[in-house]
Amino acid sequence: MSKQTQNATAIVVGAGPVGLTAALTLQTKGIDTKLIEADPLDRPRPGSRAIYLHNATLKLLESTYEDLGFTIAKNGIVWPVKKTLFKGKEVYKRDYGVTDPANPEKLPPFTALHQDHIEHFIYNACEEVGVEFVQETPIERCETSPQGVKLTSSSGDTWEADYVIGADGARSNVRKTIGVEFEGPRTNDRFLVLDVKEDESAPLPLERIFHYQHPAMGGRNVMHVPFKGGWRVDLQLLPDDEVESFSEPEKVKEWLPHVMPEKYIDKVTWVSTYRFHQVVANSFTDNNRRVLLAGEAAHLFAPFGARGLNSGVPDAVIAADRIHQATLASTEEARIEQIDKAAHERRTAALWNRDSSTTALHHLQSDSKEMNVKREIAASLTDVAPKLGRWLDEGPYGPRFGSPEVSTKY
Ligand SMILES: Cc1cc2nc3c(=O)[nH]c(=O)nc-3n(C[C@H](O)[C@H](O)[C@H](O)COP(=O)(O)OP(=O)(O)OC[C@H]3O[C@@H](n4cnc5c(N)ncnc54)[C@H](O)[C@@H]3O)c2cc1C
């Protein structure tokens, strides 16, 4: 049976938060954009995932579409206190004071809310500007030529476009079929991540708490992160732990009361276990400079430091901006230069982010003797050298500064 071919200037593959941001940016620049998604758009998505958006990400979303950053911020929370404990002893505490997440004048330093809600607000903005959605259409193949791109879905339908942004997640068919590969290791450390719903009648104080070697959890690291309406609890498993002994629903009910009040055992909404990949695509574009990769199609990091979506958003915005510039270019060389700039800048950022989250993981490693000694010494000296408490607090997130290429300005 002959199948239909449709044309578009730009197509984004994947309606996750990164693809939505890419489509929104292209459309606001006057480029008619189709967004093709494998699943139904109202599909349930598991877990809170990207609950922490940096101020820079909110600013970038705000500059892409007026009020988007403020809308996301006012629907999230800002926790005023962060604390670190070592074997149960507090070694660091910082109280920033209360920030009004709904301040219409100033975006907060960060916001914390469920990733589904973030996606919902970006999706609404896409609808408002007229992005065309094609759902339940998995793209199988992406072929490029100097003239453009052809996408083929699993049912054989085809689309032709001048440019494609591949935002189809970790298993990206766009990435695979343009011949680009992930490079980098998978970590050995295993983490269990769970969400619990807040008890709104008697909520816990809004504090981000990191426990090194929690005494009630057999010396495992535990992190509590509040987000709007709930908490995320990250438990770092020890090398010999059997994952099921912690992840099975009955097992969760046994250990959770050691780290949270007992009432939360009936409020668990998501449990997942991870071994993180630390990988970056060996190129963010194809040989013909017609495709740019963004978000998890281009890189995967351990979540410490919240580098996933916080770098996926600039990937998307910069890809869309450079595609816009490429459509205005008067020569082939100028067109290629625009695409290369986006690919180079975002790959440099991804490599930096990968190295930073590797540093964070090393800091957390439970079986590293050298790190254990450093942490023990630091924790024993925080009363006389408070800077060491700060080192313990910041370690799990990796370096906070960035190379110039990581900047979202260009
Ligand atoms: C436990 C955990 C905690 C995290 N915490 C944070 C955090 O605090 N802050 C942060 O910044 N990041 C965090 N992240 C990372 C963040 O969740 C990801 O970076 C983000 O979801 C990536 O978005 P994406 O749009 O690139 O990919 P995805 O969200 O995976 O979206 C890809 C989309 O493409 C679609 N698709 C797939 N294949 C095809 C196809 N063949 N054709 C068409 N469509 C397709 C999928 O259905 C999906 O809708 C966390 C992740 C995890 C797992």
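Each ligand, and each atom within it, is numbered from 1 in the order the structure gives.
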Sidechain N-carboxylate O distance under 4.0 Å for Glu394, Arg390: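 Arg390 and Glu394: salt-bridged.
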Salt-bridge present (Lys82, Asp393; N to O < 4.0 Å):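 Yes, charged N to carboxylate O under 4.0 Å.
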Tell me which donor-acceptor pairs under 3.5 Å the side chains of residues 136-148 have, and how far apart each pair is, sequence neighbours excluded?
from   : atom 1 : to     : atom 2 : distance (Å)
Thr137 : OG1    : Gln135 : O      : 2.8
Thr144 : OG1    : Asp286 : OD2    : 2.8
Thr144 : OG1    : Asn288 : ND2    : 2.9
Ser145 : OG     : Gln147 : N      : 3.1
Ser145 : OG     : Gly148 : N      : 3.3

List, one per line, each side-chain donor-acceptor pair under 3.5 Å for residues 59-66, sequence neighbours excluded.
from  : atom 1 : to     : atom 2 : distance (Å)
Lys59 : NZ     : Asn55  : OD1    : 3.0
Glu62 : OE1    : Asp67  : N      : 3.2
Glu62 : OE1    : Leu68  : N      : 3.3
Glu62 : OE1    : Gly69  : N      : 3.0
Glu62 : OE1    : Phe70  : N      : 3.1
Glu62 : OE2    : Asp67  : N      : 2.9
Ser63 : OG     : Lys59  : O      : 3.4
Ser63 : OG     : Leu60  : O      : 2.9
Thr64 : OG1    : Leu60  : O      : 2.8
Tyr65 : OH     : Glu128 : OE1    : 2.6

Polar contact flag, side-chain donor to acceptor under 3.5 angstrom, Trp231-Glu198: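 Looking only at side-chain atoms, Glu198 and Trp231 do form a donor-acceptor pair, the distance falling under 3.5 Å.
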Within residues 142-188 or reaching into it, pairs that qualify as ring pair (Phe, Tyr, Trp, His ring centres under 6.0 Å) - sequence neighbours excluded: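 Listed by first then second residue: nothing to list.
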Amino acids contacting ligand 1, non-hydrogen cut-off under 4.0 Å: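 Heavy-atom contacts below 4.0 Å: Val13, Gly14, Ala15, Gly16, Pro17, Val18, Ile36, Glu37, Ala38, Asp39, Arg43, Arg45, Arg49, Ala50, Ile51, Tyr52, Gln115, Thr137, Pro138, Ile139, Ala167, Asp168, Gly169, Asn173, Arg232, Tyr274, Gly295, Glu296, Pro303, Ala306, Gly308, Leu309, Asn310.
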